[in-house]
Amino acid sequence: QVQLVESGGGLVQAGGSLRLSCEASTLTFSRYSMGWFRQAPGKEREFVAAISWSSGDTSYADSVKGRFTISRDNAGSTVYLQMNSLKTEDTAVYYCAATTSPVVTIWGYRYNYWGQGTQITVSS
């Protein structure tokens, strides 16, 4: 069982930046591909970004490409999501997730473990 704990959420003005962190409770973090998803009120959960464990390949949703950056620190068992140029439409609960798949995975159903989520609110 892997536990994921997100942190770094909060309230920020449009155009601002935030960095989310997700720490995993596993000694084999380097063998998990990681993803970030988000869910806005009244909307379905959507993919944001992912990074593979095997090659470090990354993938981004078109809506965040060029503004968000996913990275990982295997020694610290942590995945990050740097969010710049935030927009009001980025407001959502953000979840990190882990999968044993060795490749970048954008589909939520392929993730085995999920964090509890952290709220991001972007004000205009």
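All heavy atoms count here, side chains included; hydrogens, waters and symmetry mates do not.
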Who passes ring pair (Phe, Tyr, Trp, His ring centres under 6.0 Å) against Tyr95, sequence neighbours left out?
-> none

Could you grab the distance from atom OG of Ser59 to atom CD1 of Ile106, nearest 0.5 Å is fine?
-> 6.0 Å

Starting from the C-alpha separation in whole Å, work towards a yes-or-no answer on side chain to side chain donor-acceptor pair (under 3.5 Å) for Asn84 and Ser17.
-> CA-CA 4 Å; Asn84 299 327; Ser17 298; 2.9 Å; yes

Listed partners of Asn112 passing side-chain hydrogen bond (donor to acceptor under 3.5 Å, both in side chains), at least two apart | none

side-chain contact (heavy atoms from CB on, under 4.5 Å) involving Ser25 - partner list, sequence neighbours excluded = Gln3

Side-chain donor-acceptor contacts of residues 64-71 below 3.5 Å, not counting sequence neighbours, with atom names and distances?
unit_1, atom_1, unit_2, atom_2, d
Lys65, NZ, Asp62, OD1, 3.1
Arg67, NH1, Ser85, O, 2.9
Arg67, NH1, Asp90, OD2, 2.7
Arg67, NH2, Ser63, O, 2.9
Arg67, NH2, Asp90, OD1, 3.0
Arg67, NH2, Asp90, OD2, 3.4

Flag yes if Leu20 and Val93 sit in one hydrophobic cluster, no otherwise; membership is Ile, Leu, Val, Met, Phe, Trp, Tyr, and two members link when side-chain heavy atoms are under 4.5 Å apart.
-> no

Residues in side-chain contact (heavy atoms from CB on, under 4.5 Å) with Thr88, at least two apart?
-> Ser124

Does CD belonging to Gln13 count more than 12 external heavy atoms closer than 6.0 Å?
-> no

Can you tell me how far the CD atom of Glu23 sits from the CG atom of Leu4, to the nearest 0.5 Å?
-> 10.0 Å

Residues 26-75 vs disulfide (SG to SG under 2.5 Å), sequence neighbours excluded, gives none

Any side-chain donor paired with an acceptor under 3.5 Å for Arg38 and Tyr94?
-> yes

Is there a donor-acceptor pair under 3.5 Å between the side chain of Trp53 and the backbone N or O of Ser33?
-> no

Do Thr28 and Val2 have side-chain heavy atoms sitting under 4.5 Å apart?
-> no

Do any N or O atoms from the side chain of Ser21 and from the backbone of Ser7 form a donor-acceptor pair under 3.5 angstrom?
-> no

Tell me, please, which residues at least two apart from Tyr60 pass ring pair (Phe, Tyr, Trp, His ring centres under 6.0 Å).
-> none

Residues passing the side-chain hydrogen bond (donor to acceptor under 3.5 Å, both in side chains) test with Ser101, sequence neighbours excluded, are Thr105

Working to the nearest 0.5 Å, report the span between OG1 of Thr26 and CZ of Arg31.
-> 11.5 Å

Looking only at heavy atoms, which two atoms of Ile120 and Gly9 are closest? And how far apart?
-> CD1-CA, 3.4 Å

Set of residues satisfying side-chain hydrogen bond (donor to acceptor under 3.5 Å, both in side chains) with respect to Ser54, sequence neighbours excluded = none

Is it true that Val12 and Leu81 fall in one hydrophobic cluster, defined by side-chain heavy atoms closer than 4.5 Å?
-> yes

Disulfide (SG to SG under 2.5 Å) contacts in which one or both residues fall within residues 45-108, not counting sequence neighbours | Cys22-Cys96

Qualifying ring-ring contact (aromatic ring centres under 6.0 Å, His included) pairs with a residue from residues 22-49, counting only residues at least two apart or across chains = Phe37-Phe47, Phe37-Tyr111, Phe37-Trp114

Can you tell me how far CE of Met34 sits from CD1 of Ile51, rounded to the nearest 0.5 angstrom?
-> 10.0 Å

Any residue meeting side-chain hydrogen bond (donor to acceptor under 3.5 Å, both in side chains) with Glu6, in chain and number order, not counting sequence neighbours | Gln116

Would you call Leu86 and Leu18 a side-chain contact if the rule is heavy atoms closer than 4.5 Å?
-> yes

Donor-acceptor pair between Asp73 and Thr78 side chains, under 3.5 angstrom = no

